[in-house]
Amino acid sequence: MSATPGPQPSRKVLLAAPRGYCAGVDRAVIAVEKALEQYGAPVYVRHEIVHNKYVVKTLEKKGAIFVEETEEVPEGNIVIFSAHGVAPVVHDEAKRGKLATIDATCPLVTKVHKEAVRFADDDYDILLIGHEGHEEVIGTSGEAPEHIQLVDGPKDVENVEVRDPDKVVWLSQTTLSVDETMETVDALKGRFPNLLSPPSDDICYATQNRQIAVKQMGAHADLVIVVGSRNSSNSKRLVEVALGAGATASYLVDYADEIDEAWLDGVTTVGVTSGASVPEILVDGVLEWLAARGYDDVETITAAEESITFSLPKELRRDLRAEAKAAVED
């Protein structure tokens with residue numbers, strides 16, 4: 001007689017909420033779409049509007065042209081600045097090239113830029129916590145290059161030198177791991193006890209909410225799949241947070257077809273989330289992929305409700321209003 005197989009362990013998916021698009025990303029993507037409708041193709045975008053392959057490819061198909069440097073935009077055209085923000089020198093480059101600009105910088109990044117300018121004006125040494133080479137860090141540093149030095153994690157703290165230890169402030173990239181940032185801040189305070197903090201938290205609400213959701217989910221998941229691109233800082237941080245929360249494994253994928261079936265060996269509970277620049281269609285693809293392999297019981301883990309929205313860039317609002325007014329007058 002053959003043994004009767006026992007009941008199979010139930011397979012389920014824990015779906016993080018919130019996930020995906022934040023208000024700043026939504027604003028930036030819509031800005032490119034509206035600009036294409038308003039002015040016609042091509043519309044040039046300096047750097048990826050947001051760090052997501054699918055979004056960039058979709059906008060390219062609609063007529064957006066992505067460039068690395070402002071000088072690549074032909075004179076007299078429109079250039080859109082990405083959600084990550086740019087340094088003042090980039091605005092100057094656009095003026096010299098006689099370019100019309102639309103600034104799609106996330107308002108939360110703009111807040112950090114303004115803090116940098118204010119503290120530089122007050123002659124503070126500014127310690128910017130962030131990742132070297134990231135576009136947001138380059139843009140913020142450009143606001144006050146003689147006052148700002150980058151601190152790339154706790155390991156970098158010992159290299160910091162300041163003019164006056166009683167006149168030092170820290171700021172941060174908006175998409176960092178909250179825990180690692182505070183670890184860096186604590187290390188900095190160990191060296192500079194009078195270190196000043198920014199007036200309000202620099203790490204954006206969306207980054208924090210997505211990390212909180214992953215912490216709650218990761219503690220109960222064998223595997224966490226984060227949908228996002230490799231150059232997305234906030235997406236990479238979600239992988240780290242999931243592992244720190246107790247997940248046995250966590251991987252970053254752009255699309256469902258990048259998932260390795262071997263990751264599911266011995267896994268009963270899969271956590272799914274997505275970075276702040278990821279459209280929901282990509283998450284749906286992952287859920288469908290998992291459902292086809294028996295993971296069709298989906299439970300949502302809600303850490304916060306989000307209702308924040310940002311208005312479109314002022315340059316675009318102006319032209320849209322003018323067009324609407326002309327249409328009424330006709």
Side-chain angles (χ1 to χ4, degrees), residues 13-29 32 45 47-60 66 82-85 104 106 108-109 130-131 133-137 173-181 203-218 221 223-245 247 249-260 263 270-290 295 298 300-301 303-304 306:
V13 173
L14 301 179
L15 182 61
R19 63 183 176 278
Y21 271 13
C22 62
V25 164
D26 194 44
R27 172 184 186 263
V29 173
V32 178
V45 184
H47 293 170
E48 295 184 355
I49 187 68
V50 296
H51 286 157
N52 184 264
K53 285 182 182 179
Y54 176 89
V55 171
V56 169
K57 288 179 180 177
T58 301
L59 292 173
E60 282 178 333
F66 292 87
S82 79
H84 310 103
C106 173
L108 299 179
V109 174
H131 296 302
H134 191 278
E135 288 159 37
E136 183 185 327
V137 165
Q173 182 181 330
T174 63
T175 54
L176 299 180
S177 158
V178 178
D179 293 338
E180 184 182 3
T181 299
I203 297 178
C204 87
Y205 77 94
T207 296
Q208 295 190 55
N209 287 345
R210 281 149 189 72
Q211 289 179 14
I212 292 168
V214 167
K215 281 183 181 179
Q216 294 178 2
M217 181 181 70
L223 164 69
V224 173
I225 295 172
V226 178
V227 186
S229 292
R230 299 292 187 279
N231 62 341
S232 167
S233 176
N234 77 86
S235 297
K236 289 193 291 186
R237 299 293 83 75
L238 290 175
V239 172
E240 296 168 2
V241 171
L243 293 171
S250 182
Y251 299 97
L252 184 65
V253 300
D254 265 295
Y255 305 102
D257 61 12
E258 294 177 4
I259 302 173
D260 186 340
W263 298 347
V270 180
V272 175
T273 190
S274 59
S277 51
V278 177
E280 191 66 7
I281 189 173
L282 300 182
V283 176
D284 291 342
V286 169
L287 295 177
E288 290 167 9
W289 189 96
L290 289 169
Y295 297 84
V298 179
T300 299
I301 304 295
E306 293 180 350

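Count residues from 1 along the sequence.
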S.K.: Do NZ/NE/NH1/NH2 and the carboxylate oxygens of Lys57 and Glu60 come within less than 4.0 Å?
M.R.: no
S.K.: Could you measure the distance from the CD atom of Glu306 to the CG atom of Asn209? Nearest 0.5 Å is fine.
M.R.: 4.5 Å
S.K.: Using distance only, find each side-chain donor-acceptor pair of residues 282-289 under 3.5 Å and give its atom names and separation, not counting sequence neighbours.
M.R.:
none

S.K.: Restricting to ring-ring contact (aromatic ring centres under 6.0 Å, His included), what partner residues turn up for Tyr251, sequence neighbours left out?
M.R.: Trp263
S.K.: Show the nearest heavy-atom pair for residues Ser235 and Val226, with the distance to one decimal.
M.R.: O-CG1, 3.7 Å
S.K.: If you take all heavy atoms of Ala28 and Ala83, which pair is closest and at what distance?
M.R.: CB-CB, 3.9 Å
S.K.: What are the two closest non-hydrogen atoms of Val137 and Gln173, and how far apart are they?
M.R.: CG2-OE1, 3.3 Å
S.K.: Identify, with sequence neighbours excluded, every residue that meets ring-ring contact (aromatic ring centres under 6.0 Å, His included) alongside His134.
M.R.: His51, His84
S.K.: Determine yes or no for a side-chain-to-main-chain donor-acceptor pair under 3.5 angstrom, with Arg210 supplying the side chain and Ala206 the backbone.
M.R.: yes
S.K.: Donor-acceptor pair, distance only, cut-off 3.5 Å: does the side chain of Thr174 make one with the backbone of Cys204?
M.R.: no
S.K.: Do Ile225 and Ile259 have side chains that get closer than 4.5 Å, going by heavy atoms?
M.R.: yes
S.K.: Working to the nearest 0.5 Å, report the span between CD of Glu48 and CG of Asn231.
M.R.: 5.0 Å
S.K.: Return the minimal non-hydrogen interatomic distance between Val227 and Asp254, and the atom names on each side.
M.R.: CG1-O, 3.8 Å
S.K.: Nearest heavy-atom pair of Leu176 and Thr207: which atoms, and what distance?
M.R.: O-CG2, 3.4 Å
S.K.: So how far is it from Gln211 CD to Glu180 CD, rounded to the nearest 0.5 Å?
M.R.: 10.0 Å
S.K.: Nearest 0.5 angstrom please: Arg237 CZ to Ser232 OG, how far?
M.R.: 9.0 Å
S.K.: If you measure from CG on Asn52 to CG on Leu59, what distance do you get to the nearest 0.5 Å?
M.R.: 10.0 Å
S.K.: Using the rule given for side chain to side chain contact (heavy atoms under 4.5 Å, CB included), can you reason through Lys215 versus Ile212, listing the C-alpha separation, both sets of side-chain angles and the distance that settles it, and then say yes or no?
M.R.: CA-CA 5 Å; Lys215 281 183 181 179; Ile212 292 168; 5.6 Å; no
S.K.: Taking the side chain as everything from C-beta on, heavy atoms only, tell me whether Arg19 gets closer than 4.5 Å to Glu280.
M.R.: yes
S.K.: Assess the residue pair Val55 and Tyr21 against the criterion (side chain to side chain contact (heavy atoms under 4.5 Å, CB included)); give the C-alpha distance rounded to whole Å, side-chain angles, the decisive distance to 0.1 Å, and a yes or no.
M.R.: CA-CA 11 Å; Val55 171; Tyr21 271 13; 3.4 Å; yes
S.K.: How far does OG of Ser82 sit from CD of Glu136, to the nearest 0.5 angstrom?
M.R.: 9.5 Å
S.K.: Given side chains that start at C-beta, do those of Tyr205 and Cys22 come closer than 4.5 Å, heavy atoms only?
M.R.: yes
S.K.: Check Pro18 against Ala213 and note the closest heavy-atom contact, atom names and distance.
M.R.: O-CB, 4.3 Å
